[in-house]
Amino acid sequence: MNAHSHINDLKSDRIFKFFNYSFLTLALSIVLYPLIYIISASISSPTAVNSGEMWLFPKDITFEGYKLIFENDAIWRGYLNTIMYTALGTSINLAVTLPAAYVLGRKDFVGRNFFTGMFVLTMFFQGGLIPTYLVVKNLGLIDTIWAMVLPNAAAIWNIVIARVFFQSTIPIELEESAKIDGCSNFKLFFKIVLPLSAPIIAVMALFYGVGHWNSYFNALIYISDRALYPLQMVLREILVLQDMASQSTNVTGSMAEAIHSKQQLAAIIKYGVMIVSTLPIIIVYPFLQKYFVQGVMIGSLKG
Amino acid sequence: MNNTANTLEKTHQPAPTHSKKYYRKKRWRETRKKILLNWQLYILILPAFLYFFIFHYLPMYGIQIAFKDFLPASGIWESEWVGFEHFIRFFDSYYFWDLIKNTLGISIYELIVGFPLPIILALSLNEAKDNFYKKSVQTVTYAPHFISVVVMAGMVIAFLAPTTGIINHAIQLLGFDPIPFMEDPKWFKTVYVMSGVWQNTGWGTIIYLAALSAVDPQQHEAAIVDGATRWQRIWYINIPTIIPTMVILLIMNVGNIMAMGFEKILLLQNPLNMESSNVIATFVYQAGLLDGQYSFAAAVGLFNAVINAILLVSVNYIARKTSETSLW
């Protein structure tokens with residue numbers, strides 16, 4: 001009797017295992033297929049891609065798309081702008097987030113509740129798109145680099161994550177003994193706390209950096225000077241607007257021709273630009289995945 | 001003053017002889033001392049204070065334009081009050097119910113499909129004992145999270161194109177007519193939700209996997225001895241463990257119902273699918289920033305924010321009453 005049920009259990013276990021691995025393989029394939037398709041499509045001839053002949057592995061391999069991308073001034077300029085916004089923006093983010101997070105974690109900081117409350121309230125209630133736009137406009141930031149970095153100088157969620165890190169990893173005795181030795185708060189933060197906080201600095205830089213790299217909305221509403229366009233705005237024109245133009249069939253003459261030639265260009269380069277624009281993230285992702293996950297977990301402790 | 005206070009403490013004078021006022025004064029003196037001692041901390045928090053003040057609290061002050069006829073030339077303060085005029089105009093407009101329907105429709109659809117999937121995937125990953133395979137699935141399914149919304153929209157548009165997209169090629173291969181996904185309004189919500197599922201399900205498992213790692217292995221061992229099957233162990237041990245996490249995430253999702261990823265909607269919108277893709281947030285962008293109706297758009301945005309806040313508070317209240325887990 002006992003042996004019988006034991007065998008039954010093993011059998012149900014095997015069935016379970018089979019279904020579980022099938023399910024995981026299904027999930028894996030669904031996510032992986034579009035990624036492989038994009039890579040293959042970026043080096044296949046547009047005819048093979050558009051006709052559906054190319055569906056998994058590259059067909060009629062050509063690097064024409066990548067060649068056109070490297071010759072495209074708008075993409076180059078967008079790339080350089082994005083690198084600049086990401087570097088400057090992330091530096092500002094860290095300079096605002098880390099000191100604030102440290103101070104909010106200090107139990108002896110008078111006004112801790114006031115500042116925490118003031119920051120956290122913005123999670124639930126905000127001025128909204130139009131009032132924020134008017135503030136940025138009145139500060140004269142429209143069409144400047146600063147419109148790309150200042151309106152997102154800090155994210156409350158990241159301040160919370162960094163605060164939890166400081167509170168849980170910097171022993172309070174360290175701070176106390178430093179103070180007894182006559183160490184000022186500046187010295188304490190810059191010379192003792194920061195050098196001990198490499199992991200959280202990495203996590204924060206990654207979170208903010210990816211955010212800057214991928215963002216288009218700030219540029220859409222604050223930047224009209226094409227010379228300041230970040231990469232994502234250039235991509236938007238290639239990947240999204242060309243398609244919309246193809247739907248407005250009423251254009252005729254030279255206008256239609258111009259749109260048509262732009263569409264052809266877009267058809268050749270669109271898969272390539274998806275790869276080129278995501279490349280920096282693809283390269284760092286496998287090495288830094290661990291840190292991203294850690295960041296989310298620290299956040300979840302508090303959430 | 002300070003000296004007397006110190007000597008009083010040192011000589012252990014009986015406390016009751018001092019008035020409330022004395023204690024209040026004493027506490028204030030100590031607080032002041034702490035503030036002066038830690039003045040550098042205020043310098044450290046100053047950038048964050050200025051940021052939140054300028055980019056979050058000044059806009060809140062600016063919300064008043066929703067009740068005014070804002071003219072950029074005269075500024076926020078000088079513009080004339082008009083009360084609820086903009087709100088009434090919005091409620092009476094022919095597109096009001098369409099906007100509400102689309103906003104709620106997309107959010108609820110997304111919640112119903114997008115909320116359970118990370119839970120199922122996390123439970124399944126948790127059962128996979130082959131570490132290499134598990135890690136591979138995780139690495140691949142987390143990756144789309146880092147794709148920008150513009151590239152995501154570009155992918156959707158390219159894959160779903162009626163004559164050239166790979167999905168329509170597959171549909172034709174199966175013998176059906178190609179579907180104009182991006183042009184037919186009735187497909188918009190599905191396209192939006194499914195592309196979101198593809199991008200975010202993997203990343204969404206992280207928080208549940210963290211919660212699942214807290215399950216005590218002894219509980220499983222005991223259950224095995226009692227003859228519980230894998231299903232039973234998932235159902236009676238793993239799922240109850242992650243319920244608090246589920247409730248918190250559910251509250252936060254409902255609290256975001258009126259503020260869903262409108263950056264993606266804006267990119268996927270086109271004149272043909274507008275009927276089902278026009279949501280409050282994209283409408284605010286259109287009316288305010290493209291048409292320059294600042295006051296009207298601010299009123300619509302404020303209406304959206306208020307509904308959102310009401311939803312968040314009510315869901316939190318229900319959760320607190322029924323499950324003892326809540327945000328506050």
Side-chain angles (χ1 to χ4, degrees), chain A residues 12-13 16 20 23-24 27-28 31-32 34 37 50 52 55 95-96 99-100 103 108-110 115 118-119 122 125-135 151 153-154 184-186 189 210 214 216-217 221 232 235-236 239-240 243-244 247 270 274 277-278 281 285 289 293 296-297 300 303, chain B residues 31 34-35 38 40-41 44-45 47-49 51-52 54-56 58-60 62-63 121 124 127-128 137 139-144 146-151 153-155 157-158 164 166 169 198 202 206-207 210 227 229-230 248 263 267 270 272 284-285 288-289 294 297-298 301-302 305 309:
Chain A
S12 86
D13 244 35
F16 180 92
N20 197 35
F23 175 72
L24 287 178
L28 182 73
V31 176
L32 201 53
Y37 180 87
N50 288 341
W55 64 275
V96 174
V103 170
D108 59 339
F109 172 60
V110 177
F115 285 104
M118 174 187 168
F119 296 173
T122 63
F125 202 74
Q126 282 157 358
L129 180 67
I130 305 301
T132 309
Y133 173 82
L134 290 176
V135 166
S184 75
N185 279 313
F186 281 163
F189 177 68
V210 171
N214 283 342
Y216 86 97
F217 194 68
I221 58 179
Q232 299 295 332
L235 290 184
R236 176 173 165 267
L239 297 175
V240 179
D243 182 79
M244 285 186 188
Q247 283 161 4
K270 71 181 164 195
M274 289 180 192
S277 67
T278 321
I281 298 175
Y285 168 64
Q289 186 196 353
V293 173
V296 175
M297 305 246 261
S300 75
Chain B
T31 308
K34 259 199 238 167
I35 292 175
N38 284 334
Q40 289 179 337
L41 294 182
L44 287 174
I45 206 170
F49 174 79
Y51 164 70
F52 281 100
I54 295 172
F55 290 102
H56 290 273
L58 284 185
M60 284 187 207
I63 287 176
L121 185 59
S124 168
E127 295 302 316
V137 175
T139 303
V140 170
T141 54
Y142 294 174
F146 297 102
I147 293 176
S148 78
V149 60
V150 175
V151 170
M155 284 169 62
I157 291 168
T164 58
I166 186 70
H169 284 307
W198 180 80
I206 295 176
I207 208 160
T229 63
R230 287 281 275 270
I248 293 287
E263 294 192 1
L267 291 168
N270 62 45
L272 298 172
V284 170
Y285 168 74
L289 297 185
Y294 292 125
L302 179 60

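It should be emphasised that the depicted structure is a prediction, and the values quoted were computed from it without experimental measurement.
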Give, as side chain, backbone, both or neither, the part of [X] having an atom under 4.5 angstrom from any heavy atom of chain B.
X	result
A:Phe125	both
A:Phe115	side chain
A:Leu24	both
A:Ser184	both
A:Ile281	side chain
A:Val293	both
A:Ser277	side chain
A:Leu32	both

Requested in this report: Please examine the side chains of B:Leu267 and A:Tyr216, heavy atoms only from C-beta on, and report whether any two atoms are closer than 4.5 Å.
Outcome: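 Yes; the side chains approach each other to less than 4.5 Å.
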
Query raised in the report: Is there a side-chain contact between B:Ile157 and A:Leu239, using heavy atoms and a 4.5 Å cut-off?
Result: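 The answer is no; the side chains never approach within 4.5 Å.
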
Query raised in the report: What do the steps show when you test B:Ile166 against A:Trp55 for side chain to side chain contact (heavy atoms under 4.5 Å, CB included), and what is the final call?
Result: CA-CA 7 Å; B:Ile166 186 70; A:Trp55 64 275; 3.8 Å; yes

Report task. Given side chain to side chain contact (heavy atoms under 4.5 Å, CB included), test B:Ile45 with A:Phe109 step by step and report yes or no. Result -> CA-CA 11 Å; B:Ile45 206 170; A:Phe109 172 60; 4.2 Å; yes

Taking all heavy atoms of [X] and all of [Y], pick out the closest pair and write down the distance.
X	Y	answer
A:Ala100	B:Ala48	CB-CB, 3.5 Å
A:Pro34	B:Trp198	CG-NE1, 3.6 Å
A:Val240	B:Ala153	CG2-CB, 4.2 Å

Could you tell me which of [options] has the largest number of non-hydrogen atom pairs under 4.5 Å with chain A?
options	answer
B:Thr139, B:Leu58, B:Val284	B:Thr139
B:Met155, B:Met60, B:Lys34, B:Arg230	B:Arg230
B:Ser124, B:Gly154, B:Gly301	B:Ser124
B:Ala298, B:Gly288, B:Ala305	B:Ala298
B:Asn38, B:Ile206, B:Ile35, B:Val137	B:Asn38
B:Leu41, B:Ile63, B:Val151	B:Leu41

Query raised in the report: Angle class for the B:Phe52/A:Phe119 ring planes (parallel below 30°, perpendicular above 60°, tilted otherwise)?
Result: parallel

**Report entry** Backbone N/O of B:Phe146 and side chain of A:Asn214: donor-acceptor pair under 3.5 Å
**Finding:** yes

Requested in this report: Please answer whether the main-chain N or O of A:Thr132 pairs with a side-chain N or O of B:His56 as donor and acceptor at a distance below 3.5 Å.
Outcome: no

Query raised in the report: Checking side chain to side chain contact (heavy atoms under 4.5 Å, CB included) for the pair A:Phe16/B:Glu127: CA distance, chi angles, key distance, verdict?
Result: CA-CA 10 Å; A:Phe16 180 92; B:Glu127 295 302 316; 3.7 Å; yes

Between [options], who has the most heavy-atom pairs with chain B when the cutoff is under 4.5 Å?
options	result
A:Asn20, A:Thr278, A:Val135	A:Asn20
A:Arg236, A:Lys270, A:Gln232	A:Gln232
A:Val110, A:Ile221, A:Val96	A:Val110
A:Ala153, A:Gly128, A:Ala95	A:Ala153

Query raised in the report: About how many Å separate CD1 of A:Ile130 and CG of B:Leu302, when rounded to the nearest 0.5 Å?
Result: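 Output value for this atom pair is 12.0 Å.
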
**Report entry** CG-CD distance between A:Asn185 and B:Gln40, expressed to the nearest 0.5 angstrom
**Finding:** 5.5 Å

**Report entry** Under 4.5 Å from any heavy atom of chain A - which part of B:Phe49
**Finding:**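 Both backbone and side chain.
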
Query - Contact origin within B:Ile54 toward chain A - heavy atom pairs under 4.5 Å - result: both

